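Chain identifiers are assigned alphabetically (A, B, ...) following the order of the sequence lines, protein sequences preceding nucleic acid strands; residue numbering begins at 1 within each chain. Note: hydrogens, waters and symmetry copies are ignored here, and every other heavy atom, side chains too, is used. All figures in this text were calculated on a predicted structure; none of them were measured in a lab.
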There are 4 protein chains.
Amino acid sequence: MTTRDKIKAVAMTHFAKGGYEGTPLSAITKEVGVTTPAVYAFFGSKEELFLSIFEDVLKNHYHSVKEAIEEAKSGTVEQRLYQILRGAFTYHVSHEEETIFYKRAMMFPPAPLEDKLKERFGETEGMLTGEILTLLTEGIETGVIDDRPIEDLLDGFLCLMDGLFLQMFYYDEKKYEQKLHNIWKLFWSGIAGS
Amino acid sequence: MTTRDKIKAVAMTHFAKGGYEGTPLSAITKEVGVTTPAVYAFFGSKEELFLSIFEDVLKNHYHSVKEAIEEAKSGTVEQRLYQILRGAFTYHVSHEEETIFYKRAMMFPPAPLEDKLKERFGETEGMLTGEILTLLTEGIETGVIDDRPIEDLLDGFLCLMDGLFLQMFYYDEKKYEQKLHNIWKLFWSGIAGS
Amino acid sequence: MTTRDKIKAVAMTHFAKGGYEGTPLSAITKEVGVTTPAVYAFFGSKEELFLSIFEDVLKNHYHSVKEAIEEAKSGTVEQRLYQILRGAFTYHVSHEEETIFYKRAMMFPPAPLEDKLKERFGETEGMLTGEILTLLTEGIETGVIDDRPIEDLLDGFLCLMDGLFLQMFYYDEKKYEQKLHNIWKLFWSGIAGS
Amino acid sequence: MTTRDKIKAVAMTHFAKGGYEGTPLSAITKEVGVTTPAVYAFFGSKEELFLSIFEDVLKNHYHSVKEAIEEAKSGTVEQRLYQILRGAFTYHVSHEEETIFYKRAMMFPPAPLEDKLKERFGETEGMLTGEILTLLTEGIETGVIDDRPIEDLLDGFLCLMDGLFLQMFYYDEKKYEQKLHNIWKLFWSGIAGS
DNA sequence: CATGAATGAGGGTTCATTCAT
DNA sequence: TATGAATGAACCCTCATTCAT
């Protein structure tokens, strides 16, 4: 593992835990075992370091969602929707710090980077929303989902995702997995066709 | 409005937007129209200022939820559960910055205050959870809610709350109000007794 | 005891322990039970407060030495010289903080007050030196002290005083009293006429 | 001379003259020709800078005394005791500021460093006391010193040292040298065997 | 690629002091 | 006489960054 990669890896966990402003470069380099100016051999500034990590995280996030969707191509609508949740979260649960970094960057971006970051979020979200809409529509058409306004269903699903997202902060992996299952059952019985 | 209160008010919006580490006292005092050391006439430190605001926000949050619960004492179980959501969120929507402050402090507490903050969160949450449990139990006993493990129902409701909480970031008041209503319908039809 | 006097008393112990620069007014007023600006009701500045205490201490020091000299008017030369040491030090031992204040002000005066302080030291010292010289001369003339250059004897006596002064820092009252006696015996046998 | 050493050298004279609390880092760095944060490239804090200087001074003090003792190994007991005084003081006289620093740190240590400093003093003093005791005992055994309680003799010698120490503040080198000699003669004739 | 030295800017905090009350 | 509010100056220290090596 190169110094550059070590810096990025360590920086990510620090930015996740302490935020951009709350993390001095010295905290990162100290853990890497290198002096602070070493950062400037690879990154133009602290901002660039952050941005570089951010791009990686975004890419990973995007791929994990995409993968989850593709893995679930062959089940019932319920299974496939559930798989989206499960897929995204198994990834996140196994990359906890990356997830926290992502969420933090999304919800509370460092002031000087705000614009750049917000720009980049839309894309991934768009892809995800599209896929969910497709599934919900299919569900309605095949009758497994109640015939309500599609937007309401989408809102509900996204709300569910957000709630589950937040709850990852409170529970450990095992508990979380179970809760995820239970909550999904509840939600499904709310939208399932009668 | 006293200087002390001005400082707290301005500080809250700054802490909400920029976070604890991202907000120098000078940014606050400059907006208040006072020099930085003036803060120390009222608060022992930056931490204490933050904590003082935090206590207020927590208290307000607590009261708004409590009020909502009490206002709905005479309705059906569904109405009362919904009222908990609505009450909390009408308050939060009309106090946007306070809500952001609250959420940020909860999700990403400044490192040196983490312990103190988490402690205080527990108490408020506990009260809320207690009330919800009571309502859910009553709902099951009267048959308006399906007879499932009470914990699953609670998890679902809390997940819903969290999700709605997060979504407040994306939508404006009007849209949010509507979404809240729709999502609730979805959720309720998932747990309602058949 | 008036507030003014309380301030002076408390300030003296603080200046003695922590020095002028090491003692904030707040430390003094806190112990007195008053707010800091109260000092300015009685003293024009921190410097003036210090100077006011200094004058008192100097006066007390002067009187204690004078008293010791007068009390010993009727003994042998040895008794009277010893009395000067004993008198000065019984006073100092029973006013420990005042002594420390005095010594500190003398040896390491606060920079902005240096000139004023040094000016005032000479007087007291002069009186003391005069009296000692008189006694030593009398001792030589009466043969109880060896006939050496008077200045050497004076230097020896002053060196003894200084040494004893310093040693007050190390020992408690009882031990000190005994050491004083022993050391005097040694010194006297060094200058006594044979 | 490295910047680090320059800082230490300049700091020592400032701490000697103005004391720890009375010397801002800026005063030191300004004289060195460097900005204040440069101090932190070499020392962790103002306290550490002080401590670092203190260790040097202590070591020098220790060595100078030790050297004086060893240089005088071949003389009479009187010569060797005198040499301890002379050796220590020729060093101190030629390193005036170091001496003032030493004395100030010993008598009025900066409050936050008091414990650490006092601890370190004991060690050096212990070595010195041991050597003096050996010499005094030898003197008694060979009859050149009167047979008194050894502790009284030690107290007297230490009191003499302290007195001479204090007097260094008042006189210049030449005068001091002469006084040292005279006072020693006096002291020696007080303890010398008859 | 990485360091040690150094800096400019700024951060939180303390402190003596002022002033209206 | 004494206070609470407020300030200007200064202090110690941190941090991102530069640069010669």
Side-chain angles (χ1 to χ4, degrees), chain A residues 2-4 6-7 20-29 32-50 112, chain B residues 2-4 6-7 20-29 32-50 112, chain C residues 2-4 6-7 20-29 32-50 112, chain D residues 2-4 6-7 20-29 32-50 112:
Chain A
T2 67
T3 299
R4 193 190 138 94
K6 268 191 237 164
I7 289 175
Y20 181 78
E21 292 94 348
T23 303
L25 289 180
S26 62
I28 297 162
T29 53
V32 173
V34 95
T35 60
T36 303
V39 168
Y40 293 85
F42 308 103
F43 309 94
S45 64
K46 193 187 179 186
E47 289 191 9
E48 274 189 30
L49 168 60
F50 186 93
Chain B
T2 67
T3 300
R4 192 190 138 96
K6 268 190 238 165
I7 290 174
Y20 180 79
E21 292 93 348
T23 304
L25 288 180
S26 62
I28 298 162
T29 53
V32 173
V34 94
T35 59
T36 303
V39 169
Y40 292 85
F42 309 104
F43 308 94
S45 63
K46 193 188 178 186
E47 288 192 9
E48 272 188 31
L49 168 60
F50 186 92
Chain C
T2 68
T3 299
R4 193 190 139 95
K6 267 191 238 164
I7 290 175
Y20 181 78
E21 292 93 349
T23 303
L25 289 181
S26 62
I28 298 162
T29 53
V32 173
V34 97
T35 59
T36 303
V39 169
Y40 293 86
F42 309 103
F43 307 94
S45 65
K46 193 186 178 186
E47 289 191 8
E48 274 189 29
L49 167 61
F50 185 93
Chain D
T2 67
T3 300
R4 191 191 140 96
K6 267 191 237 164
I7 290 175
Y20 181 79
E21 292 93 347
T23 304
L25 289 181
S26 62
I28 298 162
T29 52
V32 174
V34 97
T35 59
T36 303
V39 169
Y40 294 86
F42 310 103
F43 309 93
S45 62
K46 193 187 178 186
E47 288 192 8
E48 272 189 31
L49 168 60
F50 186 93

Using heavy-atom distances to pick each residue's nearest nucleotide on DNA chain E, tell me which of L25(C) and V39(D) is more 5'. V39(D)

Nucleotide range of DNA chain E lying under 4.0 Å from chain A heavy atoms: dA2(E) to dA5(E)

From CD1 of I28(D) over to P of dC13(F), roughly how many Å is that when rounded to an integer? 11 Å

Base, sugar-phosphate, or nothing for T36(B), non-hydrogen atoms under 4.0 angstrom? base

With a 3.5 Å cut-off and no angle check, do the side chains of T36(C) and T29(C) form a donor-acceptor pair? yes

What contact category does T23(B) fall into here, base, sugar-phosphate, or nothing, at under 4.0 angstrom with non-hydrogen atoms? sugar-phosphate

Is there side-chain contact between V39(D) and I28(D), with heavy atoms separated by less than 4.5 Å? no

Name every residue in residues 42-50 of chain D that has at least one heavy atom under 4.0 Å from any atom of DNA chain E, in order of residue number, or write none if there are no such residues. F42(D)

Y20(A) versus E21(B): any side-chain heavy-atom pair under 4.5 Å? no

Ranking T35(D) and E21(B) by the position along DNA chain E of their nearest nucleotide, the one closer to 5' is T35(D)

Which part of the nucleic acid, if any, lies within contact of P24(C), taking any heavy atom under 4.0 Å across all strands shown: a base, the sugar-phosphate backbone alone, or nothing? sugar-phosphate

Side-chain donor/acceptor of K46(B) to backbone N/O of T23(B), under 3.5 Å: yes

When all nucleic acid strands are considered with a 4.0 Å heavy-atom cut-off, which category describes T2(B): base, sugar-phosphate, or nothing? nothing

Is it the case that the side chain of K6(A) and the backbone of G33(A) share a donor-acceptor pair, with hydrogens and angles ignored and the cut-off at 3.5 Å? no

Would you say a side-chain N or O of S26(D) is under 4.0 Å from OP1 or OP2 of dC11(F)? yes

Pairing annotation in dot-bracket form, given for DNA chain E with Watson-Crick or G-U pairs under 3.5 Å and | for cross-strand partners: .||||||||||||||||||||

